[in-house]
Every structure is written in C-alpha cells, then in structure tokens.
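So you know, we letter chains A, B, ... as the sequences are listed, proteins then strands, and number each from 1.
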Amino acid sequence: MQRYYVTTPIYYVNDKPHLGHAYTTIAADVLARWHRLNGADTWFLTGVDEHGQKVLEAAGKKGISPQAHVDAMVQPYKDLWARLDIRYDDFIRTTEPRHKAVVQAALLKLKEQGDLYEDVYEGWYSTAAERFWTEKDLVDGKCPDTGQPVQWVQETNWFFRMSRYGERLREWIEAHPDFLQPASRKNEVLGYLRKDLGDLCISRPAARMSWGIPFPWDESFVTYVWFDALLNYVSAVGFSPQGENGPDFARRWPAQHHLLGKDILTTHAVYFSTMLFALGLEPAEHLYAHGWWTVEGEKMSKTIGNVVDPHLLVDEYGADVVRYFVLREIPFGNDGDFSHKGLLERTNADLANDLGNLLHRASSMTGKWLGGRIGALDAPTPADLELQGLADRAVAGFARELEAAQFHKALESLWELVRAGNKYIDTEQPWALNREGKTERLGGVLTRCLEIIRVAATLLQPVMPTKARELAAQLSLNADPLLALGCASLDHLVAGTVLPEPAPVFPRLLELPPRIQEALAKAQAPTPPPPPPSPSLPVPEPPVDETTPAAPALIGIDDFGKIQLLTGRIVAAERHPSADRLLVLQVELGEDKPRQIVAGIAARYEPQNLVGQQVVVVANLKPVKLRGIESHGMLLAAGGKDVRGLVTVGEPLPPGTLVR
RNA sequence: GGGCCCAUAGCUCAGUUGGUCAGAGCACCCGGCUCAUAACCGGAGUGUCCCAGGUUCAAGUCCUGGUGGGCCUACCA
C-alpha cells in the first residue's frame with residue numbers, strides 16, 4: 001500500500017494563529033485528504049511547540065505555571081483547525097511525555113556515540129537582556145540593550161557535532177534533487193553549506209532558562225528549543241532512539257512531505273537533517289518551503305493582520321472558499337498577496353461563473369426539459385470524445401500537480417475541463433436540441449455536463465470538502481467519499497436519477513461583506529508597516545520584544561535629568577558606506593559645528609528627505625563607532641527596531657533648545 | 001559589505017536542457033448565444049521579453065557588466 005506522511009511545523013504556542021499558520025496547515029490537509037482519498041496509508045501531523053523563553057515570560061506575567069499557560073494557549077490552534085476543516089491524524093505538543101522521552105533518549109544516544117561534547121563559552125552576559133555580548137558590543141562596559149551591567153560569564157553548554165554530518169548532507173542533497181523544494185531554495189541551503197558547518201549549541205543552563213526538556217544526565221541543562229521542536233516529526237510516530245521503535249514508525253518514516261515557511265528552511269534542512277543522520281535516520285523525501293503572504297499589498301503586521309484574521313475569513317467567506325483561494329491564488333513556494341478584492345474576483349470568476357454556473361445551467365435544463373431526471377448517454381460524437389480526452393488530461397494533471405504540492409496548477413488543470421464544459425454547452429446548443437425534439441441527444445449532452453461536475457466534485461473533495469459534498473448532492477450522489485480512481489470517465493451517473501431543485505452552490509459575491517469592509521477601513525488608518533510575522537515555529541533566540549517592553553523600573557526625576565535632550569536640525573545626510581540600515585547624519589545642535597550622528601533609520605528614510613528636518617537628539621550619549629563611523633549622539637524615534645517615525649517638535653526652534 | 005532569488009502584455013504570471021517563444025488567466029473593447037448565478041462562447045489586440053555588451057547559424061532562454069526589486073546575514077546608541 002502506498003503510504004503518505006505529511007507534517008506542518010509545530011507552531012509556537014505563544015503566537016496567535018494567523019493566516020500564515022492557516023496556509024501551511026490547509027496545504028498539508030489538502031495533501032493528506034488527497035492521499036487518504038486514494039487509499040494511501042496516510043498520516044497528517046501538526047502540533048505546537050511549547051517550550052522556550054517567551055512562554056516562560058508570558059506565564060510569569062499571568063502568574064501561572066508555564067504548563068497551565070500552554071494548556072490554555074493550545075486551544076486557539078485546535079479551534080481554528082476545526083473551523084478550517086483541518087483533519088489531522090495527530091496533534092503533538094512538545095510538553096507531552098511521549099515527546100520528552102524521545103528527546104531525552106536522543107540526547108543520550110548522541111552522547112554515547114560521541115556526537116555531543118561540553119564546551120565552555122565565555123562572554124559578557126547581560127542578565128537584563130538575557131544574552132551574551134561580545135566585547136565590542138558593549139557600551140561603556142554595559143549592556144547595549146539595557147544599559148545594565150554585564151558579567152563575565154563562563155558558561156558550559158552541550159554541543160552537537162553537526163560539523164560531522166555536513167558533507168553527508170551535501171551529498172544527500174545532490175543525490176536527491178527533489179529533497180529541497182522549490183528548487184531555488186536548494187541553492188540557499190547549498191550556499192549555507194559551502195561555509196564550514198559549525199557545531200550546534202543544544203543546551204541552555206536551566207538557571208537561565210528553565211522551561212525546556214531537562215538533560216537526562218544533568219538537570220541543570222534544558223534542551224535548546226530547536227533541537228526539541230524538530231524531533232516532533234519523529235517522536236510523534238514512535239521513534240525510539242535507544243530502544244525499539246513504536247509499531248508504526250517503520251510505516252511512517254521517512255515522511256513524504258514537511259511543509260514549512262521559507263523562514264525556517266535552514267533549521268529544517270540543515271539542523272534537522274544532520275540530527276537525523278546522527279540518529280541513524282534518513283530525512284523526509286521532500287521539504288517544501290512556501291512563501292509569505294502580504295495583505296492588501298502590505299507586509300503582514302498586527303494592524304493589517306486583523307483584516308485577514310482567519311476567523312473573520314471563515315465567518316464571512318466560509319472555510320472552503322478560503323481554502324480554495326489561498327491555494328489557487330499563488331504558486332506554492334512563491335510569496336503572494338492576499339487581497340479581499342482578489343478573493344472576490346477569484347471566487348466569482350472561478351467558483352460562481354465557471355463551476356457553479358456550469359452546474360446550474362446543466363441542472364436547470366435537465367429540470368426543465370428532462371423532467372429533472374439524468375438523461376442517458378447517447379453514442380459519443382467526435383466532440384464528446386474530445387471532451388472525454390480533456391477530462392482524462394484534466395484528472396491526470398490534477399493528480400500529478402497536487403502530488404507535487406503545486407496546488408494552483410492542479411486546480412488550473414481541473415478548470416480547463418470546467419471551461420470546456422461551458423464551451424461544450426455553447427457548441428452543442430441544448431436549447432436548440434430541445435426545440436427540435438432531439439431528446440436523446442439532449443439527454444446525452446446535459447449528462448456529460450453533469451459528469452464534469454461530478455469530476456469536479458470528486459477532485460475538489462480535498463480542497464473544499466463541504467462544497468464538494470454540496471456539488472455531489474446536486475447530482476444526487478450520496479457516495480462519500482467519491483472515489484478519485486477512474487473518476488475521469490464521463491459515464492458514472494445513473495440515467496433516470498432524479499435531481500434536486502437546482503440551487504447555486506457558489507453564490508456570486510456582489511460586494512465585500514460589511515465586516516470585511518469595516519476591517520479594511522480600520523486598517524486604512526495610517527500606521528506604517530512593522531515587520532512580518534514568522535508563520536511558523538519558534539525563533540532561535542527569542543529576541544527582546546520591542547513593542548511591549550517589560551515594564552521598566554521606575555526612575556526618579558534625577559535619573560531623567562542625566563539625559564540631555566536637545567532639538568537639532570539635520571544639515572546633511574548620507575548613507576553609511578558599509579551598512580544598509582544606517583545613515584550618517586550631520587546635525588546642527590547650536591554648537592560650533594554640527595554633530596555627526598549615525599542612526600539606524602535607512603530602512604524608512606531617504607537621506608535627501610531628511611535635510612532640514614528638525615529632530616530631538618540625546619546629546620550627552622557617549623560617542624561610539626558604528627561600523628567604523630563615529631556617532632556622537634542619538635536621534636529619538638518612535639518604534640522599536642523598525643523605526644516608525646522620527647521624534648520632532650511642533651514648531652521651528654533654534655537648534656540646541658533644551659527638551660524636557 | 002557578504003550570500004541567494006527575481007525583472008515577459010494594464011494586472012498576475014507560464015515560458016524545463018538556446019531553434020513556431022512571444023503565451024495564459026484576469027481586466028477592458030467588439031461580436032455571438034439565451035439554458036444559466038448581469039453568468040457563458042468567440043474575436044481583437046497591445047509587449048524595445050529591464051538596460052548595455054558578448055557567445056552562437058540561432059538567445060526571454062547562456063556569459064559579463066549595469067539598473068531596479070525581494071529574501072538571508074552583519075551594522076540599528
């Protein structure tokens with residue numbers, strides 16, 4: 001029996017599920033449903049990643065245990081998958097004993113075979129920022145992020161000898177050209193491998209970050225989140241690094257497809273593959289990195305993300321239409337834009353006009369002229385044979401493309417048949433056949449149109465499970481599921497079967513739903529676009545959240561008084577010669593000559609537009625060299641790492657005016 | 001600065017290994033049909049295939065350089 005095992009990344013439980021998560025999961029669900037439909041021994045795994053710094057912090061803020069926190073946070077994912085009609089076979093959580101046991105056993109195995117070693121890392125550690133800094137990072141000997149003192153820490157950690165397996169991975173990729181998809185991504189990974197592959201630090205001292213899987217031989221360490229998370233793909237199906245594998249492991253692994261976002265390609269392709277090699281396993285057959293969605297032409301952000309809140313989309317369009325749209329609109333692997341206008345046009349053109357209307361016109365004519373009963377097929381004409389040929393090609397193309405995760409091509413292939421159906425009606429002119437009393441031919445023609453709908457209903461089951469059933473119901477087909485095997489043959493319907501009263505399965509959308517319009521109007525409000533979210537898995541090192549900083553300690557007025565803020569006027573601005581995000585500014589502060597200030601605002605401002613701009617400057621900051629250029633102060637700007645706007649003063653003031 | 005990818009009709013994009021490769025869908029216009037969800041069918045188009053060189057009998061298709069855009073990475077005082 002053919003077998004098929006597909007996975008999504010396990011999503012970071014602290015994030016709210018969004019369109020990116022939904023996209024990957026819908027794609028995996030469609031693949032799983034398709035293989036299930038074809039009788040393959042199918043397994044679809046999704047889940048959540050529950051360890052790491054951010055979970056710990058969030059739980060701390062809520063005053064509950066991390067476990068209680070993740071227990072609550074997992075529900076939104078399960079809810080959304082239910083609403084999107086996602087039928088997974090297993091949902092893994094990394095806090096489950098079955099997973100922890102595998103991670104720990106894997107650690108032991110690697111240690112025993114000499115793939116782990118301890119090493120001492122020395123560096124300046126900032127407790128406030130919870131990270132290491134190099135000597136040159138430090139400002140005035142203090143943490144550059146928080147200004148807090150740093151300590152020279154010698155920290156022991158465990159390292160995985162990833163470097164041992166780099167060459168093998170390179171060979172594997174060369175020998176399996178379809179391993180990394182799309183092909184362009186393969187180059188990225190090979191480029192990454194061209195550099196010397198280092199070893200991977202896979203532990204964190206529990207004293208510093210306790211929310212993780214403890215090392216089996218030393219509980220003062222917990223497992224690095226990636227090492228933990230990646231193993232879910234094998235732990236969930238019964239891998240046992242040291243003992244006997246679970247009964248299902250052999251029939252599941254290696255998986256056929258890992259679907260993931262392009263941002264986590266390296267971790268999967270490099271970290272995970274080498275881990276598998278070390279554990280004596282082979283990687284999955286295909287690792288497919290898909291693109292990111294922009295929304296209404298903008299990078300996804302909290303603001304714009306609201307207009308594609310998956311629950312809103314399901315409420316207003318229905319799960320099936322959302323599923324269809326995201327898979328049809330862009331090639332899997334490319335970035336794409338989700339616009340409501342695009343969705344409206346796409347669904348009207350494809351679903352209402354082409355497919356829905358084909359059914360409606362055929363069933364209406366059957367109702368009107370054949371008493372609502374499916375007509376018998378007549379002897380095929382050349383046109384009929386041609387139609388059959390098209391059906392054969394459409395079904396074959398659909399299957400081929402779908403199995404390659406080329407959803408848009410698969411659907412396009414089916415739609416060639418649907419369009420041919422509309423054309424067939426036009427050339428055969430059933431209304432003329434009716435007028436002329438050619439009932440036998442009329443029955444044959446209309447039935448072939450209904451057969452096309454049957455083919456569509458069959459192939460669309462994985463993509464639009466509910467709508468496919470509705471299509472089938474319009475044909476009085478009760479079989480569930482409709483078997484895909486042999487479905488291309490346009491002779492399945494039983495003559496004489498009574499059809500229900502025709503009803504549009506895909507109503508035309510005349511305008512965007514009111515709630516969508518409201519959401520769009522709200523999002524129009526001019527908020528510049530912050531950075532894109534990662535649609536999947538955890539970030540390697542949890543960065544400090546800039547938008548909602550942990551409540552800082554209260555300071556007195558005297559502390560504030562240490563900061564000298566002055567108005568200034570930018571008199572010259574140019575790009576930093578060797579740093580993309582930096583601008584080198586000359587700012588007039590009322591001193592004998594302008595100050596040179598380097599600012600990380602190049603992503604948002606053109607140098608020429610800044611000249612003459614009034615700004616507020618931290619004037620008594622210690623000078624520092626930024627990528628070789630001295631900076632004597634700092635511009636105030638709103639936003640975190642993504643600058644949203646410069647701080648200025650409402651009216652023109654002489655440079656050097658005190659600000660407080 | 002280093003690495004990778006991309007640039008083809010108004011829009012979104014197809015164009016494997018160089019030789020009907022100048023295409024599809026959408027939008028628009030014209031015509032047809034009337035069964036149908038103001039749907040369907042046909043037709044017309046429009047393109048310096050980013051720019052400049054080069055290789056070749058032949059180049060969107062290969063090479064070099066440039067321009068513009070995206071992603072990864074370092075710099076964000």
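In this structure, of B:U37, B:G70, B:U34, it is B:U34 that holds the atom nearest to the side chain of A:Trp431. Closest to the side chain of A:Ala352, from the set B:A36, B:U37, B:C40, is B:U37. Taking only side-chain atoms of A:Glu345, from C-beta outward, the nucleotide of B:U37, B:C26, B:A36 with the closest atom is B:C26. Listed candidates were B:C40, B:C71, B:C35. Nearest to the side chain of A:Asp354 is B:C40. Considering only side-chain atoms of A:Trp292, the nucleotide from B:G32, B:C71, B:U37 that sits closest is B:C71. Among the nucleotides B:A14, B:G32, B:U37, the one closest to any side-chain atom of A:Phe506 is B:U37.
Between the C1' atom of B:A38 and the CG atom of A:Asn357 lies a distance of 11 Å, rounded to the nearest Å. B:U12 atom C1' lies 15 Å from atom NZ of A:Lys409, rounded to whole Å. Whole-Å rounding puts the A:Leu327 CG to B:U12 P distance at 21 Å. One atom, CG of A:Asn434, and another, P of B:A36, lie 12 Å apart when rounded to the nearest Å. Rounded to whole Å, the distance from CD on A:Glu329 to P on B:U12 is 11 Å. B:C35 atom P lies 12 Å from atom CD1 of A:Ile425, rounded to whole Å. A:Arg508 places its CZ atom 7 Å from the C1' atom of B:A38, with the value rounded to the nearest Å.
Within 4.0 Å of A:Pro430, counting heavy atoms only, lies no atom of the nucleic acid at all. Among the heavy atoms of the strands, none lies under 4.0 Å from A:Ala349.
In this model, the phosphate group of B:C40 is not approached by any side-chain N or O of A:Lys423 to a distance below 4.0 Å at OP1 or OP2. Side-chain N/O atoms of A:Arg185 include none lying less than 4.0 angstrom from OP1 or OP2 on B:C4. Contact annotation: A:Arg328 side-chain N/O to B:C13 OP1/OP2 distance is not under 4.0 Å. At the phosphate of B:A36, OP1 or OP2 sits under 4.0 Å from a side-chain N or O atom of A:Lys368. Contact annotation: A:Asn353 reaches the phosphate of B:C40 (side-chain N/O to OP1 or OP2, under 4.0 Å).
Judged by distance alone, the side chain of A:Glu329 and the main-chain N or O of A:Asp337 form no donor-acceptor pair under 3.5 Å. In this structure a side-chain-to-backbone donor-acceptor pair under 3.5 Å is missing from A:Thr447 to A:Gly444.
For the C1' atoms, the distance linking B:A44 with B:U34 amounts to 24 Å, nearest Å.
Remark: B:U16 base-pairs with no nucleotide; criterion is Watson-Crick or G-U wobble with both hydrogen-bond distances under 3.5 Å.
Taking the six-membered ring where the residue is Trp, A:Phe325 and A:Phe338 present perpendicular rings, their angle passing 60° and hence far from 30°. By the 30° and 60° cut-offs, the orientation of the rings of A:Phe272 relative to A:His268 is perpendicular. Ring-plane geometry between A:Phe332 and A:Phe407 is classed as perpendicular, the angle between the planes exceeding 60 degrees on a 0 to 90 degree scale with a lower cut at 30.
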